[in-house]
Amino acid sequence: MKTYTWKGLFFASLLFYMPVIIAGLILGLLSELLAVAFFLHIIWHYLYLKKLNNWLWNSKSTILPDGKYEWEHAFIGIYNLQQRLRNRRKKLARMISRFREGAEALPDAVVVFQKGGEIIWCNRLAQVQLGFKWPGDGGENITNLIRNPDFVNYLKNEEFHEPLGMISPLNTEKFLEFRVMPYAQNQRLLIVRDITAYRQADQTRREFVANVSHELRTPLTVLQGYIEILNMQVESGTPQGKAITVLDQQTERMCSLVEQLMVLSKIESAPTIDLDEQVDVAALLAQIEDEANALGEKKQLTIVFNIDNQLGLLGNEMQIRSAMTNLIYNAVKYTPVNGNIQVDWSRADHGAYFSVTDDGDGISPHHILHLTERFYRVDHSRSRDTGGTGLGLSIVKHVLTHYDSELLIESTLHEGSQFSFIIPESYVIE
Ligand code: ADP
């Protein structure tokens, strides 16, 4: 293609004006002929400008209009620009339709909306599960359609790392999980999943565990009673005496297992903390200190409690007691004779700090990640000897999730361990 240059423009003008100038000089009418030539030149440009305007605004044709000299160049330039835009638009449309096809294939409701809440698009399941209408609800604010205050606050607080569980706005029998993700620039992607079946299964499991543990308590108490009577009647050292000692130990183990299972299901089924209850942690730890000293007496453990007496918590005393006793009793159980244990309850930068440090058995790193799983024990026989159930740390983890906290475990094999957590400021009272 011919490129347009100043030189080209100069020679084209020269070609047009030179005959006019020569004729003007010969005829002695230079200025008149030049004026006519200028006028014709302007008309010529005006006609092409009109052609361009017609093509841009009135014509639907994509065929390039004819042009001469610089106008030909301008037409080709505009045409190329148009083609590039058209291709880009096609590419974008293909991308959007691929995204929509993908979102339609998902088993979840999907809604794309602006940071301010205006709905940009939703898939078919969003229409079924949330009652949205498409395209009618396009541009509508999402909080006008889902008015639940929990959802409105969830969007407002912009803390999307945890999903929001909520009863369906259309059917109170259904439970939905809402997940919001920042998406593109200033947009949000909402994914809503129906978790009713999962919740029901989880509820059934919890109820089953709670019922079985409860039902086992009575026969176990009866067994323990008879074993106690038999224990008094047989002589120790005899085969019968040994058998009854084993029976006694095993029923004791079953009792603590049932007890721990009941605590765990109680904690699991109470997901929200009642912030009206004030827990005197110092008094609680004073009680636990006596119990820990009694437990550790045989092994001559040195147990030191450093307690901030002013520091209390809002929440459930049973749960806090469970978390703290499990960690302290574990230290007593897994620290050998003459060992040292230190319990700290103090102020931290962003809340209250609790830690139990011992110079006991320690735990090798590959076990640490699994310690809070139910029934996980590092050494089954050792744990059995100490009356362990493998549920203690699982209870601690559950309690701490209610307080938006987590258990930190640092341990070196044969050197000792530290179990600690920080309860956030919002639960702390002084
Ligand atoms: P258990 O009832 O068996 O003690 P836990 O859930 O309380 O169950 O603890 C899980 C495992 O973690 C225990 O079996 C034990 O091996 C290990 N453990 C817990 N606390 C300590 C500790 N202070 N020192 C060494 N090992 C520990």
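Indexing begins at 1, ligand by ligand and atom by atom, following the structure's order. In what follows, every heavy atom counts, from backbone to side chain, and hydrogens, waters and symmetry copies are set aside.
Checked against the 6.0 Å centroid criterion, the rings of Phe99 and Trp121 qualify as a close aromatic pair.
Not one N or O of Tyr376 is nearer than 3.5 Å to an N or O of ligand 1, by distance alone. Taking any N or O of Ser394, backbone or side chain, none lies under 3.5 Å from an N or O belonging to ligand 1. The distance criterion of under 3.5 Å between nitrogen or oxygen atoms is met by Gly392 with respect to ligand 1. Backbone and side-chain nitrogen or oxygen atoms of Tyr334 are examined, and one is located within less than 3.5 angstrom of a nitrogen or oxygen of ligand 1.
Listed by number with element, the atoms of ligand 1 under 4.0 Å from a non-hydrogen atom of Ala331 are 23 (N). For ligand 1, the atoms sitting less than 4.0 Å from at least one non-hydrogen atom of Thr389 are 1 (P), 2 (O), 3 (O), numbered in the order shown with element in parentheses. If you number the atoms of ligand 1 from 1 as listed, the ones under 4.0 Å from a heavy atom of Arg377 come out as 3 (O), 14 (O).
Within the 4.5 Å cutoff, the side chain of Tyr403 has heavy atoms near those of the Asn316 side chain.
Salt-bridge check for Arg347 with Asp308: failed, with every basic side-chain N at 4.0 Å or more from each acidic carboxylate O. A salt bridge does not link Lys266 with Glu259: none of the charged nitrogens is closer than 4.0 Å to a carboxylate oxygen. Of the charged side-chain nitrogens involved, none lies within less than 4.0 Å of a carboxylate oxygen, so that Arg199 and Asp202 do not count as a salt-bridged pair.
Residues in residues 105-130 take part in these salt bridge (charged side-chain N to carboxylate O under 4.0 Å, His left out) pairs, two or more places apart or across chains: Asp108-Arg193.
At a 4.0 Å cut-off, not a single heavy atom of Gln260 sits close enough to ligand 1 to count as contact. Heavy-atom separations between Gly360 and ligand 1 are all 4.0 Å or longer. Judged by the shortest distance from any of its heavy atoms, Tyr329 lies outside the 4.0 Å radius around the atoms of ligand 1. The shortest separation from a heavy atom of Ile363 to ligand 1 is under 4.0 Å, placing the residue in contact.
Defined by atom type and a distance below 3.5 Å, a donor-acceptor pair is present between the side-chain atoms of Ser417 and Ser411.
Between atom 6 (O) of ligand 1 and the options Leu393, Ile409, Asp359, Val396, the minimum heavy-atom separation is to Leu393.
Using cut-offs of 30° and 60° for the angle between ring planes, the Trp55 and Phe75 rings count as perpendicular.
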